[in-house]
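Note that the structure is predicted; figures quoted are calculated from it, not measured.
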Amino acid sequence: MKKFLILVAVAAFSFNVYAQDGGGALSKGSKFFEINTGSFVVGSTSFSLTSIDGNTAWSIGAEGGYFVIDNLAIKGGLGYSDSGSDGPGSTSFVYKIGSKYFIIDKIPVGVDFTGASFKDFDENPSYLGIEGGYAWFITDHISLEPKLRYNISMNSDFYDDAFQALVGFAFYF
C-alpha cells in the first residue's frame with residue numbers, strides 16, 4: 001500500500017508539473033503566436049488606438065516564435081503604425097527579432113531588437129527591448145500575459161527611450 005501511495009503521489013506531481021507548463025506548450029519544438037494590446041509608441045508590434053484633440057494614432061502587429069529548448073523561444077514580429085499626422089514619417093513599418101524565456105513556466109522575460117522604417121527619413125529608430133511579466137494559462141494552449149516593457153533607444157539623438165504596459169494573448173501549438 002505504501003508503494004502504491006508513493007506511485008500515486010509521483011504521478012500526481014508529474015501531472016501537476018505537466019499542467020503548469022500548459023501541457024507541453026513551452027516544450028522544445030512548440031510554436032506560439034502572440035498579439036499584444038498596449039500603448040502607442042514608435043516601434044510597437046502591439047494593437048493600440050489613441051485619439052487626442054482630433055489626432056488619432058494607431059498600431060497593429062503580431063509576434064510569433066519557436067521553442068529551441070524547453071522554456072526558451074526565439075521570436076520575431078511585424079507591425080504597422082500610423083501617427084495620425086500628415087507629412088513624412090506619419091506611418092512606419094516595424095520589425096522585431098529576439099528571445100523569450102519562461103522562468104518557472106510562469107514568468108516570461110524577453111530581450112529583442114526592434115526597428116522601425118519611415119518613408120523619406122534619413123535615420124530610423126531602433127530599440128533594445130527588455131520585458132517581463134506573468135503568464136496565466138487560461139487553457140493548455142492559451143495564455144494571458146500582462147507585462148512591462150522598456151525600449152532603450154539605439155539612436156538617442158533623434159528618439160527617446162519608451163516604456164510600455166502591455167497585455168498579451170499567446171496561442172501555443
Side-chain angles (χ1 to χ4, degrees), residues 12-52 56-83 92-117 125-154 159-173:
F13 177 76
S14 299
F15 177 76
N16 187 35
V17 167
Y18 178 78
Q20 284 182 2
D21 76 354
L26 308 177
S27 301
K28 179 181 177 180
S30 295
K31 300 168 196 74
F32 71 91
F33 176 76
E34 180 178 351
I35 55 174
N36 293 293
T37 61
S39 56
F40 180 87
V41 296
V42 173
S44 177
T45 57
S46 68
F47 287 84
S48 66
L49 179 65
T50 305
S51 185
I52 300 172
T56 302
W58 58 273
S59 67
I60 187 170
E63 300 177 18
Y66 177 81
F67 284 88
V68 292
I69 61 173
D70 289 355
N71 295 331
L72 176 64
I74 55 171
K75 68 178 195 170
L78 296 173
Y80 181 81
S81 65
D82 185 331
S83 66
S92 68
F93 172 74
V94 179
Y95 52 93
K96 180 185 287 188
I97 187 158
S99 64
K100 184 175 186 178
Y101 182 74
F102 284 81
I103 300 169
I104 61 169
D105 297 335
K106 298 277 187 214
I107 302 170
V109 293
V111 63
D112 56 61
F113 173 81
T114 303
S117 177
S126 59
Y127 299 93
L128 173 65
I130 302 168
E131 66 184 31
Y134 182 78
W136 174 43
F137 279 89
I138 300 166
T139 71
D140 287 346
H141 298 283
I142 299 173
S143 70
L144 175 66
E145 299 180 11
K147 55 188 154 186
L148 298 175
R149 177 177 175 82
Y150 190 69
N151 298 296
I152 302 164
S153 178
M154 304 294 283
Y159 302 97
D160 294 329
D161 295 353
F163 176 77
Q164 290 178 280
L166 305 166
V167 176
F169 301 91
F171 306 92
Y172 299 87
F173 49 98

Using every non-hydrogen atom in the two residues, find where [X] and [Y] come nearest and quote the distance to one decimal.
X      : Y      : answer
Gly133 : Ile107 : O-CG2, 3.4 Å
Tyr172 : Ser143 : CE1-OG, 3.4 Å
Glu63  : Thr45  : OE2-OG1, 2.7 Å
Ser92  : Ser81  : OG-OG, 2.6 Å
Phe163 : Leu148 : CZ-CD2, 3.7 Å
Asp160 : Tyr127 : O-CE2, 3.5 Å

Hey, what do you get for CG (Asp82) to OG1 (Thr56), rounding to the nearest 0.5 Å?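 Asp82 CG to Thr56 OG1: 9.0 Å, rounded to 0.5 Å.
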
Starting at CG of Asn71, measure out to NZ of Lys106 and round the result to the nearest 0.5 Å.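 Reported value, rounded in 0.5 Å steps: 11.5 Å.
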
In terms of side-chain heavy atoms, does Arg149 have a donor or acceptor partner in Thr114 at a distance below 3.5 Å?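 Checked: Arg149/Thr114 side chains pair up, N/O donor to acceptor below 3.5 Å.
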
If only atom types and distance count, is the side chain of Asp70 paired as donor or acceptor with the main-chain N or O of Lys28 below 3.5 Å?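 Yes; judged by distance alone, with no hydrogens or angles, the pair exists.
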
I'd like to know whether CD1 of Ile152 has more than 12 heavy-atom contacts from other residues, nucleotides or ligands below 6.0 angstrom.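 Check passes, neighbour count above 12.
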
Relative to each other, are the rings of Phe137 and Phe102 parallel, tilted or perpendicular (30° and 60° limits)?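 Tilted.
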
Does the side-chain contact (heavy atoms from CB on, under 4.5 Å) test come out yes or no for Leu78 and Phe93, once each step is laid out? CA-CA 8 Å; Leu78 296 173; Phe93 172 74; 3.6 Å; yes

Could you walk me through whether Glu145 and Lys100 pass the side-chain contact (heavy atoms from CB on, under 4.5 Å) test, one step at a time? CA-CA 12 Å; Glu145 299 180 11; Lys100 184 175 186 178; 2.9 Å; yes

